Each structure stands twice: as C-alpha cells, then as structure tokens.
Amino acid sequence: DIYREVGRVVLKGFYFQRSDQSLTVKYAGEWARPAGHPDTSVLVHPSAAGAARPAGTKISSAGGWYDAGDYNKYIVNSGITMGTLLSAYEDFPEYYRSLETGIPESGNGIPDLLDETLYNLRWMLTMQDPADGGVYHKCTNASFDGMVMPGVTRDPRYVVQKGTAATLDFAAVTAQAARVFGKFGKLLPGLSDSCRKAALKAWEWSLKNPAVIYSQDFINKNFSPAITTGEYGDRHLDDEWFWAAAELYATTGSTRFASRVGQHLQDVKRIPSWSDVAMLGFYTLLRNETKSKQGKRIDTRPVSASMLQMADGLISSQGVNAFGTVMGQSVKDFIWGSNSVAANQGILLVNAFLVSHDQKYLDAAISNVDYLLGRNATGYSFITGIGTKSPMFPHHRPSVADGVDPPIPGLLVAGPNPGRQDKCEYPHTEPETAYVDVACSYASNEIAINWNAPVVYLVNAVQALSGKIGK
Ligand code: G3I
Ligand code: 9MR
C-alpha cells in the first residue's frame, strides 16, 4: 500500500483549490480559510459581448477550482485536468470506490474523485452561453491578484471571449462526464443528460465557429479593460477537434463523429499537455466500445500499436539516464511544468501496460513516480507535504499568505525549467536542475491543476495495479 497515501493526498490537493467554499477545520485542518471569490456576479467583458448578453451583463459563474497559484479559472486548462481525472476513474473504477479524501461530500455514495470533479464540472457548465452554446475562454480578474488570501481583493471578475479551443475542450469534458455520471443517475438525476446536451451544443457552435483563436494581444488592442492574466492561447486546434469527436463518439455512438475520429487515427501520438490533447482521445478510443449504434467498428489496432511504439521509445534508453528514470532522457522534457511531462509519460506507460499486460511498462511508469518523489537531480520530492525534502515555498497565493509554515499539502510544483522566465535567482541552471524553492519562482515552483491531475492518475494507477507488480 505504499502509494495509497500519496495518491490520496494529491487528490485532496484539489479540495484546497475550491474557489467559492469556505474550507473548514474538519476538512482543511490548519489550512482552513474563508471562501474565496464568490463569482456570483461576473461581468461579460466587451470581447465576449453578444445580442443577448451585451458588455457589462452580470452572470453567475460560481465554483470551480482556482487554476494554479493564481485565482483565475481557465476553461482550456480545466479541460485536460478534467479529462485526466475522469479517465482515472474510467480506468480504475473499483479502486476509486474506496479512495476517501475527507471532503464534505465523502460518504455520499459517489466516489470522492468524482465528487471533486463534479465541483469543477458545475462551474464549467456556467461558462457556456445558453444562447448559442459557445464557451467563454476564462473567468478572470483583469490582472493577477497580489500574493494575498483568496477573496481579500474585490476587483471585478470577467468572462472573456468565447473560443474554439475552450468550446471543444468543454465538449470533450461534458461528453465524458455524461458517460461517467450516467452511472450515478439515481443520485444525480438529470446531470448526465444536461452534460450530453451541453456537449452537443458546444460541438454545434464549434462547427459554425471552427477557428476562433483566443489571443490576448488582439483583445487588448480592441477592448478594455486589458486582460493580462494567463493566456492559454492555442493556435492548433486539430487535437481539440479530435478529442471532442472521440469523447462524443464514445458517449453517443453516433456515426456523425466517426468520420472526424477516423481522419485522425494515424496522427502522430504525443505526450499530452494543455494545448495538445489528442492523446486523451486516443486513450478514450482504446478504453471504450468503438462500435457505432449501427454496429460499425473503428479499428483501433493502429492506435494501440503506435502507443506501444511510443512507450518502447520512452523505455529504450532508460538505463542510460543517470537516475534510471524515463523522465529526463531528453532536454525537451524540461519545459514549464516539466513535472507534468514526467507524470504524463507515466500515464502513457500505464496505458501501454493496460493494453499489453507487459510488466516492463509498469516498471517504467514507476520510475517516473520515483522521479517525482525525489529520484531526480534536485533531490526534491516535488509534491508539497510528501517526503523529507519537499517544496516549502511554492508560488501559490494561499500557501504564501496564510501564515501557516508548511505549504498546503498535495500540490505538485512545476519542476525544473531552464527557461527561467520568472528571472528569479536559481542555484543551478542545467535543464534538470533549473529549479528553485522560492515563492518568486512562478516558472519552476508554481502549482497547477493540470499538473496535479496526471499525478493523481499515475500514483493511484500504480497503487491500483500493485497486486500485479513483481509478478
Ligand atoms: O511549446 C514550446 C516548445 O516547443 C519549446 O521547445 C519550449 C522551449 O522553452 O517552449 C514551449 O512553450 C512553452 C510552453 O509553456 C510549454 O508548455 C512556453 O515557452 C512557455 O511560456 C509556456 O508556459 C506556459 C505559461 O503559463 C506561460 O504562458 C505554461 O505552459 C502554462 O502552464 C502556464 O500556465 C499558467 C497560467 O498562464 C496562469 N496560471 C498559472 C499557470 C501555471 O504557471
Ligand atoms: O503570479 C502569476 C502566476 O500565477 C502566473 O503563472 C505567471 C505567468 O503568467 O505570472 C505570475 O505573475 C507574475 C507576472 O506575470 C509578472 N510579474 C510578477 C508576477 C508574479 O509575482
């Protein structure tokens, strides 16, 4: 059971990111705090104005997790985060039935993992314009709050321009949610249907608006106030189209999505990131029935073959790496949020194990769990509260401002990033050592939901499969 506690703690990390709830001592211990941004009266930014909702219209967009060390809520980044967490459940439903994190919903008949995702799903649903199905890119301040507790500042909050990346990511997540929560119809009546309708409406909007790119530069030249918070801009939407089509296909079995899915089966497979979500669609095709209502089947053999090829590539030179980990064989692994690269490589290897049952993939996945827990060139366990040497000063506003010495637990920091865009002082600058545990360092020591989610998946997957290890 050695991974179970880590798996529990990283899932609990999401509870601490809840925006509009007060975190009570019962669930949050010494990190209890009042509710943060209520977001019950958010302004429609001029970039998002339409006939039914002119600029300045007030809407409610309450709930949802804060994205990261900042207090904004971004649909694109929620997309991969939710897709990863819902996939964790779809791959290991039995395991998650008994994983309790100690949240207000614990014991309500729904696994805590799903209760946690439900909290963010309900927020995501508020981000869809009921008039046309398009989805606002984010719910945000005009500029970042200072390093203060959530809810202390009262600056206006906005929903900004609808975009195709956000709308397709939303379609993918709500389609997957319709499938997952459909099994809890008695406890959550109507939810699955609402999600399915929302997904289809988002898809329709995207067909009419196939390439609306979110560009903050463009917005700030044309509208005010200027928006300077995280951009999550993405100009390549092939992968979002594919992911949404794959989730809609898996959920509805409708042939209208099959041709879109078919067009992408041969696409090059890559480790996913917030801007590159195709892999989530491939995992879904491999895990779900790929038969349409009419009985027509998508041949997924080329998908599993190329996934295994990719997994083989990842393990081929593992022994050459000084630490014997899959992570860090290439300098290209060390981007902003490199620790999520390690976690997502691990997920790919778990999926390779799931389709092949070959032990070597699981062993390789575990090497990246080890990487994240300290078997790396910095010696840090990169998860707050876990291990004897872990980050004490993450770029995370509540952890900085709450007056409690230890940071909020269960949060994965970004990790080594030779880009060092924050211009802080780093003791080392080589790709694998360019990390510094100071709150200044938003390029190596921030936390983010899209980095935590793959650790939730990976660590719990390894725990769930542990009966199989060493056999
Ligand atoms: O894609 C290129 C790659 O081709 C190139 O080799 C590499 C070289 O450094 O750069 C890659 O792009 C980087 C990209 O992250 C990789 O995902 C960009 O330089 C880098 O600027 C970009 O950083 C993003 C950062 O925001 C700045 O925009 C991170 O991905 C993203 O996770 C981060 O997200 C922020 C939100 O904006 C605000 N909330 C906090 C969150 C976490 O820091
Ligand atoms: O605090 C911000 C962090 O959450 C973002 O990820 C990061 C990149 O967008 O930006 C941080 O804000 C910094 C800003 O970009 C530049 N001035 C310093 C801010 C940090 O104190």
Side-chain angles (χ1 to χ4, degrees), residues 13 17 19 36-37 64-81 84 137-150 153 155 160 163 165-166 169 214-217 219-220 226-236 239 268 270-277 279 330-345 382 391 393-401 411-425 429-432 434-436 438-455:
Q17 293 295 102
S19 59
H37 301 69
W65 303 307
Y66 292 130
D67 181 60
D70 63 323
Y71 293 144
N72 306 296
K73 304 185 293 190
Y74 308 81
I75 286 289
V76 165
N77 208 41
S78 261
I80 182 166
T81 304
T84 303
H137 189 75
K138 58 180 167 174
C139 174
T140 183
N141 284 15
S143 55
F144 288 115
D145 274 335
M147 302 305 280
V148 297
M149 289 301 279
T153 55
D155 292 348
V160 300
D169 285 348
Y214 181 79
S215 156
Q216 222 142 259
D217 200 34
I219 285 183
N220 293 342
I227 303 289
T228 58
T229 52
E231 180 169 41
Y232 289 118
D234 184 3
R235 292 170 182 278
H236 303 282
D239 52 305
V268 179
R270 283 182 305 264
I271 298 294
S273 67
W274 61 262
S275 61
D276 194 347
V277 290
M279 206 64 217
S330 164
V331 160
K332 290 196 191 113
D333 289 347
F334 296 101
I335 55 169
W336 189 317
S338 62
N339 284 339
S340 71
V341 174
N344 277 305
Q345 290 172 340
F382 288 120
F393 308 102
H395 184 89
H396 180 237
R397 284 163 174 74
S399 293
V400 168
L411 301 173
L412 179 80
V413 297
N417 171 15
R420 293 179 286 131
Q421 292 88 338
D422 49 41
K423 311 263 187 313
C424 305
E425 236 181 85
T429 57
E430 294 293 317
E432 65 271 54
Y435 167 75
V436 59
V438 292
C440 158
S441 182
Y442 60 78
S444 84
N445 207 31
E446 191 167 359
I447 65 97
I449 55 173
N450 65 314
W451 304 335
N452 244 59
V455 188

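As the structure lists them, so they are numbered: ligands from 1, and atoms in each ligand from 1. Since we're looking at a predicted model, the values are computed, not measured.
Interface atoms of ligand 2 facing Arg397, defined by a heavy-atom separation under 4.0 Å, are 1 (O), 2 (C), 4 (O). The ligand atoms of ligand 1 that sit less than 4.0 angstrom from a heavy atom of Tyr74 are 38 (C). Set against the non-hydrogen atoms of Glu446, the atoms of ligand 1 under 4.0 Å away are 40 (C), 42 (C), 43 (O). The ligand atoms of ligand 1 that sit less than 4.0 angstrom from a heavy atom of Asp70 are 38 (C), 39 (N), 40 (C). Under a 4.0 Å criterion applied to the non-hydrogen atoms of Ala68, ligand 1 contributes the atoms 39 (N), 40 (C). Ligand-side atoms of ligand 1 in range of Tyr232: 34 (O), 35 (C), 36 (C), 41 (C), range being under 4.0 angstrom from any heavy atom.
The distance criterion of under 3.5 Å between nitrogen or oxygen atoms is met by Asp67 with respect to ligand 1. At under 3.5 Å, a nitrogen or oxygen of Trp336, whether backbone or side chain, sits near a nitrogen or oxygen of ligand 1.
At the top of the distance list for atom 7 (C) of ligand 1, counting protein heavy atoms only, stands Ile335 CG2, 4.3 Å. Counting only heavy atoms of the protein, atom 7 (C) of ligand 2 lies nearest to Tyr442 CD1, 3.4 Å. When hydrogens are left out, the protein atom nearest atom 19 (O) of ligand 1 is Gln421 NE2, 4.0 Å; that is the closest non-hydrogen contact.
Nearest to atom 42 (C) of ligand 1 by heavy-atom distance, out of Tyr66, Trp451, Trp274, Phe334, is Trp451. Compare Phe144, Tyr232, Trp336 by their heavy atoms: the one nearest to atom 9 (O) of ligand 2 is in Phe144. Ranked by closest heavy atom to atom 4 (O) of ligand 2, the top entry among Glu446, Lys423, Glu231 is Glu446.
Side-chain atoms of Asn72 and Thr229 form no donor-acceptor pair, as typed in the model, at a separation below 3.5 Å. No side-chain donor from either of Ser444 and Asn417 sits under 3.5 Å from a side-chain acceptor of the other. Judged by distance alone, the side chains of Asp234 and Ser275 never bring a donor and an acceptor atom under 3.5 Å apart.
Put simply, the side chain of Ile219 reaches to within 4.5 Å of the side chain of Tyr214, judged on heavy atoms.
Ring planes of Tyr71 and His37: tilted class, angle from 30 to 60°. The aromatic rings of Tyr442 and Trp336 sit tilted relative to each other, their planes meeting at an angle between 30° and 60°.
Across Tyr435 and Asn445, no two heavy atoms sit closer than the pair OH-OD1, 2.7 Å.
By the criterion of a heavy-atom distance under 4.0 Å, neither the backbone nor the side chain of Met147 is placed next to ligand 2. When non-hydrogen atoms are compared, ligand 2 lies under 4.0 Å from the side chain of His395 (C-beta onward) but not from its backbone.
For the side chain to side chain donor-acceptor pair (under 3.5 Å) criterion with Asn450, the lone passing option out of Thr81, Asn77, Asn344 is Asn77.
Proximity of atom 1 (O) of ligand 2 to the protein is indicated by at least one non-hydrogen atom lying closer than 4.0 angstrom.
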